[in-house]
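Labels below follow one simple rule: chain letters A, B, ... track the order of the sequence lines, proteins then strands, and each chain is numbered from 1.
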Protein chains: 2
Amino acid sequence: MAAKRVSVTQLASSLRDAITRFNRRVRQTRPVGDLTVTQLSALTSLQLAGALSPRELADAERVQPPTMTKIVAKLEERGLVQRTPHPTDGRQVILAATEAGRAILAQHERARDEWLAPRLAALTPEERETLRRAAEILQKVARA
Amino acid sequence: MAAKRVSVTQLASSLRDAITRFNRRVRQTRPVGDLTVTQLSALTSLQLAGALSPRELADAERVQPPTMTKIVAKLEERGLVQRTPHPTDGRQVILAATEAGRAILAQHERARDEWLAPRLAALTPEERETLRRAAEILQKVARA
DNA sequence: TCACGATCCTTAGCTTAACTAATGAGCCCG
DNA sequence: CGGGCTCATTAGTTAAGCTAAGGATCGTGA
């Protein structure tokens with residue numbers, strides 16, 4: 001209880017609308033270094049984890065395995081990801097960022113989110129804190 | 001100054017990742033009543049505004065005009081949107097939700113966001129309040 | 001031990017959603 | 001009244017996602 005003025009349904013609508021528009025806006029910005037947002041996200045997950053199977057990476061990115069196959073294929077074309085066979089399980093594949101992939105990520109660490117960062121910087125510290133906590137909550141909800 | 005622990009760049013990354021995954025999750029849910037999230041959002045904007053030109057609607061939805069042309073075409077096919085010529089300007093078109101369109105929206109007012117609403121309901125009131133304020137901030141940022 | 005079900009990844013094919021570039025129609029101003 | 005601008009659409013491409021189906025491999029239970 002202590003329900004706020006805004007009902008859950010209304011919150012759902014406005015939150016979804018806000019996120020939809022925000023997301024479009026983020027995607028409108030030209031991909032950094034020829035990597036799309038999706039590809040960059042996958043590559044980042046991969047580097048953070050060290051090495052993952054396609055399924056694990058798909059789960060981490062919340063997409064279906066065939067979708068990840070395509071994303072990985074594009075990253076592999078560019079030589080950013082390497083595919084090695086699993087030592088014991090012949091079905092599995094192990095994915096890892098290559099030297100070039102890590103270089104790209106490092107290179108973009110500063111340039112990353114070049115559209116978004118200045119706009120966040122223009123907000124008040126309280127607003128940024130709200131967004132920081134919201135990001136955590138959204139991750140939790142998406143994961144549920 | 002008074003910079004929070006988390007740098008703006010880090011916030012940009014984590015916020016973008018959270019929203020990307022969240023958005024995927026929302027889109028994974030099958031469209032309500034055969035309307036996709038995109039179509040529903042456009043139809044809602046249209047009804048809220050009363051009537052808009054394609055360009056105005058595209059601006060409101062943060063997409064390019066050709067994209068809106070396609071979205072509107074699908075809504076028109078279903079008879080949810082009506083296209084009437086502008087009284088004085090022969091170039092322009094006026095879009096408005098039809099009776100059927102309004103009926104669909106009314107019908108979905110309760111069923112809308114059926115995936116999201118229960119998950120929001122499971123959060124604490126404080127978390128919901130954070131998301132409510134975050135939605136406002138995100139709208140503002142997307143609009144900037 | 002070996003056959004069968006389960007798991008992993010990929011292929012194939014489809015849909016949606018977005019973009020840019022170009023086209024055609026109409027408006028307006030000099 | 002002609003040339004430049006704006007509006008909407010068409011055309012064509014790309015990315016991103018899905019489901020369904022296939023082949024290869026693993027592991028288990030009779």
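Across C/dT16, C/dA18, D/dC18, the shortest atom-to-atom separation from the side chain of A/Q64 is found for D/dC18. With D/dA8, C/dC8, D/dA20 as the candidates, the nucleotide lying closest to the side chain of B/S53 is D/dA8. The A/D89 side chain lies nearest to D/dT25 when the options are C/dC9, D/dA8, D/dT25. Among the nucleotides C/dT11, D/dC7, D/dA16, the one closest to any side-chain atom of A/P66 is C/dT11.
At whole-Å resolution of the value, CG in B/L57 and C1' in C/dA18 are 15 Å apart. What separates CG of B/N23 from P of D/dC18 is a distance of 13 Å, to the nearest Å. We find that CD of B/E61 is positioned 13 Å from C1' of C/dA17, with the value rounded to whole Å. For the pair A/R62 CZ and D/dA16 P, the interatomic distance rounds to 19 Å; values are reported in whole Å. To the nearest angstrom, P of D/dG12 lies 11 Å from NZ of B/K70. The interatomic distance linking A/I94 (CD1) with C/dC8 (C1') rounds to 13 Å, in whole Å. Note: CG (A/L40) to P (D/dA15) measures 15 Å, nearest angstrom. The CD atom of A/Q39 sits 8 Å away from the C1' atom of D/dA15 (whole-angstrom rounding).
B/T88 comes within 4.0 angstrom of the backbone, heavy atoms only, and of no base. Contacts of A/T67 with the nucleic acid, taken as non-hydrogen atoms under 4.0 Å apart, include base atoms. B/P54 comes within 4.0 angstrom of the backbone, heavy atoms only, and of no base. Across all strands, B/T69 comes closer than 4.0 Å to base atoms (heavy-atom distances).
Grouping the Ile, Leu, Val, Met, Phe, Trp and Tyr side chains by contacts below 4.5 angstrom, directly or via other members, places B/V93 with B/V81.
A donor-acceptor contact closer than 3.5 angstrom links the side chains of A/R21 and B/S45.
Using a cut-off of 4.0 Å between Lys/Arg side-chain N and Asp/Glu carboxylate O, B/K74 and B/E77 are scored as not salt-bridged. Taking the charged nitrogens against the carboxylate oxygens, A/K140 and A/E136 have no contact shorter than 4.0 Å, which rules out a salt bridge. Between B/E61 and A/R24 a salt bridge is recorded (basic side-chain N to carboxylate O distance below 4.0 Å).
In this structure, the side chain of A/R128 engages the main chain of A/L120 through a donor-acceptor pair within 3.5 Å.
Summary of the strand contacts: A/I71 and B/E56 both lie near DNA chain D, and taking for each the nucleotide with the nearest heavy atom, the more 5' one is attributed to B/E56. For A/T20 and A/R55, each mapped to the nucleotide of DNA chain C holding its nearest heavy atom, the one lying further toward the 5' end belongs to A/R55. Across the interface with DNA chain D, nearest-nucleotide mapping of A/R91 and A/V63 shows A/V63 to be the residue nearer the 5′ end.
Side-chain nitrogen and oxygen atoms of B/T38 include at least one within less than 4.0 Å of the OP1 or OP2 phosphate oxygen of C/dA17. Between D/dG17 and B/R24, a contact under 4.0 Å exists linking OP1 or OP2 to a side-chain N or O.
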